[in-house]
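The chains referred to below are lettered A, B, ... by the order of the sequence lines, with proteins before strands, and numbering in each begins at 1.
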Amino acid sequence: MTEQEKLIEILEIQQDGRLRVRFGDKERLIEVPPGAGRNDLLMHIHGALERQILVELKEARRFKGDGLYDPAAKAADRTGTLAPPAFAERVISFLAPKNSVQALLGDLHEMFRKNADRLGEQEARRKYRMQVAASLVPLLWHWLKRIGFFTVLVDYFRSKLGL
Amino acid sequence: MTTTLKQTEQVVMLAILRKQPDAYGVSIYEELEKRLDKEVPMATIYATLETLEKKGFVKSKRGLATAERGGRAKMFFEITGKGQAALNASLSALDRLRAGTKLAGATA
């Protein structure tokens, strides 16, 4: 069996007893109480695998609104209407450089959709606004540099000081 | 060869190397979040990428637009030969500076 074909791999047994396990391409830490028997150990790993499968299915939007499994539920009704906060998007559109603004907005949109699937729409909106707020200082700084604000400022002080 | 890469530039370049050939904004962001255990604002990543591109250390190419990105295209990044040499020189300089020092809690 090659490395890629392994479904589950124990990567590390940590000093506190936790297991670092890889399921496919995802890594998870599994809490195993010290002194756990063989069956308990297997149950913990099994439980973590089950949770991982549920997360994957949720990310793939395979559940209906009532929480029931539905293989045909992908790209359900929500996906068409779900959009990030418009004002935050406009702020980014205004401040980001022209050559990368579409890629940046696309990345934020993609993250918003992922968060909405994983954490719910409200939390995704909050995270989007936080992301935009954290981006304000670097964006504003680069915007001021781009429009030559600092050159104007230096020229102004030079003229005032007669340099 | 210049060794004057800022720390942000180093970590973004390392993240690109780890994610190649799928290095774009989200994958770089997630890699940094996973490896550094902190969230780096997306705008900081893009500002750094822009600087690196101007220096000729990375190059970008546009991907296809998808619905899950609101119809916007991805921008993929890869490190140029010049960028790899600069990163190598910069990290080697750090290694030389670190060699022989004793730092509490360090594993390497």
Side-chain angles (χ1 to χ4, degrees), chain A residues 15 25-29 59-61 74-75 78-86 88-89 91-118 127-146, chain B residues 6-9 11-12 15-16 18-56 58-78 105 107:
Chain A
Q15 284 193 340
D25 61 346
K26 303 267 167 47
E27 281 183 29
R28 288 286 178 270
L29 274 177
E59 281 179 1
R61 293 193 286 280
K74 196 178 184 186
R78 260 166 26 98
T79 55
T81 54
L82 202 61
E89 265 199 334
V91 171
I92 296 281
S93 305
F94 179 70
L95 292 174
K98 274 201 175 73
N99 60 339
S100 61
V101 65
Q102 289 304 315
L104 175 57
L105 283 170
D107 287 337
L108 290 172
H109 196 110
E110 188 181 328
M111 280 167 60
F112 170 76
R113 292 283 279 267
K114 275 186 187 176
N115 287 333
D117 285 342
R118 222 177 41 228
K127 276 189 167 276
Y128 192 98
R129 288 195 194 99
M130 293 292 286
Q131 181 67 243
V132 173
S135 298
L136 275 182
V137 172
L139 279 176
L140 203 60
W141 178 258
H142 282 265
W143 180 73
L144 288 171
K145 276 206 312 202
R146 259 198 328 276
Chain B
K6 290 177 190 163
Q7 194 197 15
T8 326
E9 293 171 345
V11 296
V12 167
I16 294 174
R18 295 192 77 92
K19 298 310 290 185
Q20 267 176 358
D22 187 39
Y24 71 104
V26 176
S27 67
I28 294 169
Y29 174 87
E30 287 175 345
E31 189 66 15
L32 292 177
E33 190 182 24
K34 184 173 151 192
R35 304 275 167 194
L36 305 179
D37 211 15
K38 70 173 184 181
E39 293 182 15
V40 180
M42 194 62 92
T44 304
I45 295 174
Y46 269 91
T48 308
L49 287 167
E50 194 184 334
T51 310
L52 289 170
E53 201 165 11
K54 272 183 195 159
K55 288 180 181 175
V58 301
K59 60 180 177 183
S60 63
K61 119 181 134 185
R62 213 162 278 273
L64 294 172
T66 58
E68 64 176 13
R69 295 172 54 82
R72 298 177 179 108
K74 285 180 186 174
M75 200 184 247
F76 291 99
F77 295 91
E78 65 178 285
T107 52

Between A103(A), A134(A), P138(A), which has the largest tally of heavy atom pairs under 4.5 Å with chain B? A103(A)
Taking atom types as modelled, is there a side-chain donor on Y29(B) or E110(A) under 3.5 Å from an acceptor on the other? no
Hey, which of A96(A), P97(A), A133(A), S135(A) has the most heavy atom pairs under 4.5 Å with chain B? S135(A)
What's the separation between atom OG in S100(A) and atom CD in E53(B), rounded to the nearest 0.5 Å? 9.0 Å
Is a salt bridge present between R113(A) and E68(B), judged by a nitrogen-to-oxygen distance below 4.0 Å? no
Just how far is it from atom NE2 of H142(A) to atom CD of E50(B), taken to the nearest 0.5 Å? 7.0 Å
State, with a plain yes or no, whether a side-chain heavy atom of R69(B) is found less than 4.5 Å away from one of M111(A). no
With a 4.5 angstrom heavy-atom cut-off, which part of P84(A) approaches chain B: side chain, backbone, both or neither? neither
Grab the two heavy atoms, one from V40(B) and one from Q131(A), that are nearest each other, plus how far apart they are. O-OE1, 4.3 Å
Under 4.5 Å between any side-chain heavy atoms of Y46(B) and L139(A), yes or no? no
Quick one: which of K74(B), M42(B), M75(B), R62(B) has the most heavy-atom pairs under 4.5 Å with chain A, could you say? M42(B)
For L104(A) and A43(B), which heavy atoms make the closest approach, and how far apart are they? CD1-N, 4.4 Å
Is E89(A) salt-bridged to R72(B), going by a charged N under 4.0 Å from an acidic O? yes
Could you tell me which portion of A67(B) (side chain, backbone, both or neither) has an atom closer than 4.5 angstrom to a non-hydrogen atom of chain A? backbone
Which atoms of K127(A) come close to chain B, meaning under 4.5 Å heavy atom to heavy atom: side chain ones, backbone ones, both, or neither? side chain
